[in-house]
Number of protein chains: 2
Amino acid sequence: MTQPSDTTSYKDIKQTVLRRIRSGELQPDALLPNEQELAIEFSCTRTTVNRALRELADEGYLERRRKAGTRVLSAPHRQARFTIPLVRDEVEALGGTYRYALVSSDLQPAPDWLSARLALRPDQNVMHVRCMHYSGNTPFQFEDRWIVVDSVPQVEQADFSTIGPNDWLVQTVPFTNVELTFLASRADATLAGFLDVPEGEPVFTAERITWLQGQPVTFAKMYFAVGYRMTTEF
Amino acid sequence: MTQPSDTTSYKDIKQTVLRRIRSGELQPDALLPNEQELAIEFSCTRTTVNRALRELADEGYLERRRKAGTRVLSAPHRQARFTIPLVRDEVEALGGTYRYALVSSDLQPAPDWLSARLALRPDQNVMHVRCMHYSGNTPFQFEDRWIVVDSVPQVEQADFSTIGPNDWLVQTVPFTNVELTFLASRADATLAGFLDVPEGEPVFTAERITWLQGQPVTFAKMYFAVGYRMTTEF
DNA sequence: AAAAGGATAAAGTCTACACAAAATGGAATT
DNA sequence: AATTCCATTTTGTGTAGACTTTATCCTTTT
């Protein structure tokens with residue numbers, strides 16, 4: 001239908017293999033024919049088969065091991081991919097007008113819990129920034145962020161009154177590793193005030209730790225407005 | 001070090017390009033040389049360059065368009081990949097003993113909100129299953145699930161007293177599309193009872209809708225025990 | 001029996017080349 | 001000035017073949 005050419009595409013092979021898995025023709029743990037044989041079956045080259053199987057493995061359907069061959073994963077560990085949007089984009093995508101406001105920003109020694117979490121040496125300084133993100137006049141997200149001064153010395157000169165710490169960091173320092181956590185937390189008095197919700201309200205929360213080649217860069221807690229949903233399709 | 005051969009691998013190219021992005025040598029929005037030119041620079045074939053750039057694009061660093069070329073994404077929309085674990089695996093990974101208990105299961109016409117959510121015709125029947133997942137004797141997750149009978153007729157004969165509806169579905173019906181949502185909800189009296197928490201407690205919640213080629217198969221709400229954290233690294 | 005070693009099968013990747021598909025930017029037309 | 005159209009560039013994907021790497025499985029040795 002869609003392919004005017006008469007050759008077998010790696011996409012065709014992916015589809016066919018997927019169909020065989022779904023139909024039960026290929027049971028969990030079953031060993032697939034090797035690339036050579038599949039190439040003959042689909043009358044294409046091994047290169048094409050390789051790409052198809054490689055992608056299916058990447059998507060979590062198959063497991064491949066040299067010499068051992070390719071197997072159907074018994075419990076396909078399918079992965080949900082969340083694209084983490086920038087707050088501004090998210091607000092605007094929802095039709096709102098993005099507005100940013102700095103709450104506080106000060107330099108201080110890292111509190112113990114943070115030192116433990118980021119494996120900091122005692123007495124390392126951090127910049128503590130708290131800020132609000134609004135959609136129009138409605139609170140959208142309260143951000144509570146710590147930036148490790150030793151990893152980002154420029155932070156001492158940064159002015160967070162007009163630019164959010166996340167935007168500033170993205171422009172300023174690269175990062176290599178991220179740990180992202182979602183959880184539900186309870187609004188204490190302070191948070192309830194910022195988000196304009198009753199105290200005790202459940203608040204969807206994301207924590208994000210960022211490293212640059214093993215060096216901790218920043219820890220952020222993001223508290224979302226009531227009713228926030230983090231959705232993905234796959 | 002690791003590559004004994006003297007050829008340039010697509011991995012080398014990926015690393016080099018990533019380094020250039022991180023170092024600022026390649027600014028956001030910058031246009032990369034085309035594959036031909038890069039192939040000459042790295043003294044390898046265009047095929048190899050293609051694979052490197054294709055993967056970097058897939059990982060969210062680059063944007064590629066035919067004829068327009070390859071650009072550095074200004075805000076790399078890096079994606080978090082959550083591997084959605086089976087409850088049993090998750091409990092056992094945390095060192096607990098998994099235990100399952102059926103709460104209720106009955107056949108009924110789909111409630112309006114569900115019909116709307118899954119685009120069901122009026123009067124379609126669903127199997128409503130509620131069950132608990134424990135770690136030892138501690139509640140771990142309360143699952144509230146609806147299964148569309150027209151999509152999975154076998155469900156009328158299924159016995160959910162010993163096997164969880166999720167496990168049963170995985171074994172029985174394939175699926176093609178999933179929508180996954182995370183949110184924070186408030187424990188009402190019923191839920192508080194099941195999870196053994198005070199009423200009003202914030203509860204981390206996941207909703208999952210599954211389709212098979214456009215046909216809605218099942219809708220599930222999973223309420224997690226207090227303190228649950230969904231974490232990923234990337 | 002257990003450990004060590006080696007032949008071999010399977011996936012992993014590279015080269016070299018060809019043609020396909022898309023979309024941009026400019027030329028031609030209205 | 002706007003629109004249509006088309007040549008050209010750039011990525012996308014396929015073929016054919018070779019060599020590399022890994023790890024399994026079998027054989028041999030301890």
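Keep in mind the model is a prediction, meaning the values are calculated, not measured.
- Regarding Leu32(B), its CG atom lies at a distance of 9 Å from the P atom of dT11(D), rounded to whole Å.
- If you measure from atom CG of Leu38(B) to atom C1' of dC14(C), you get 17 Å, rounded to the nearest angstrom.
- Regarding Gln36(A), its CD atom lies at a distance of 17 Å from the P atom of dT13(C), rounded to whole Å.
- Look at CZ on Arg64(B): it is 14 Å from P on dA23(C), rounded to the nearest Å.
- Remark: Thr70(A) is not in phosphate contact with dA10(C), judged by side-chain N or O atoms under 4.0 Å from OP1 or OP2.
- Using the six-membered ring where Trp is involved, Phe219(A) and Trp113(A) have ring planes that are perpendicular, over 60° apart on the 30 and 60° scheme.
- In the set dT24(C), dT11(D), dT13(D), the nucleotide with an atom closest to the side chain of Ala68(B) is dT24(C).
- Nearest to the side-chain atoms of Asn50(A) among the listed nucleotides dG12(C), dA23(C), dT15(D) stands dG12(C).
- Taking the six-membered ring wherever Trp is involved, the centroid distance between the rings of Phe182(B) and Phe204(B) falls below 6.0 Å.
- In the set dT11(D), dT15(C), dA18(D), dT15(C) carries the atom at the smallest distance from any side-chain atom of Thr45(B).
- The side chain of Tyr10(B) places an N or O atom within less than 4.0 Å of a non-bridging phosphate oxygen (OP1 or OP2) of dT13(C).
- When each of dA10(C), dC14(C), dG12(D) is scored by its nearest atom to the side-chain atoms of Asn34(A), the top-ranked nucleotide is dA10(C).
- Using the six-membered ring where Trp is involved, Phe224(A) and Phe140(A) have ring planes that are perpendicular, over 60° apart on the 30 and 60° scheme.
- Contacts of Arg51(A) with the nucleic acid, taken as non-hydrogen atoms under 4.0 Å apart, involve only primed sugar atoms and P, OP1 or OP2.
- No donor-acceptor contact under 3.5 Å links the side chain of Arg66(A) to the base of dT22(D).
- To the nearest 0.5 Å, atom CD of residue Gln36(A) and atom CG of residue Asn50(A) are 11.5 Å apart.
- Note: CG (Leu62(A)) to P (dA11(C)) measures 11 Å, nearest angstrom.
- With hydrogens and angles ignored, the 3.5 Å screen pairs a side-chain donor or acceptor of Gln27(B) with a backbone N or O of Gly24(B).
- Within the nucleic acid shown, Thr47(A) comes within 4.0 Å of at least one base atom, counting heavy atoms only.
- Of the candidates dT13(D), dT10(D), dT24(D), dT24(D) carries the atom nearest the Lys67(A) side chain, counting heavy atoms from C-beta on.
- Among the candidates Leu62(B), Asp29(B), Leu31(B), the single residue satisfying the side-chain contact (heavy atoms from CB on, under 4.5 Å) test with Val72(B) is Leu62(B).
- Summarising the geometry, the separation between CD on Glu35(B) and P on dT13(D) is reported as 11 Å, rounded to the nearest angstrom.
- Look at Lys11(B) and you'll find a side-chain N or O under 4.0 angstrom from OP1 or OP2 of dT13(C).
- Each of Ser43(A) and Arg46(B) was assigned the nucleotide of DNA chain D with the nearest heavy atom; the assignment lying further toward the 5' end belongs to Arg46(B).
- The side chain of Thr48(B) has dC14(C) as its nearest neighbour among dC14(C), dG12(C), dG12(D).
- Distance Ile13(A) CD1 to dT15(D) C1': 13 Å, rounded to the nearest Å.
- Using a 4.0 Å heavy-atom criterion, one finds that Arg65(B) contacts the sugar-phosphate atoms exclusively.
- When rounded to the nearest whole Å, the span between CD of Glu55(A) and C1' of dT13(C) equals 15 Å.
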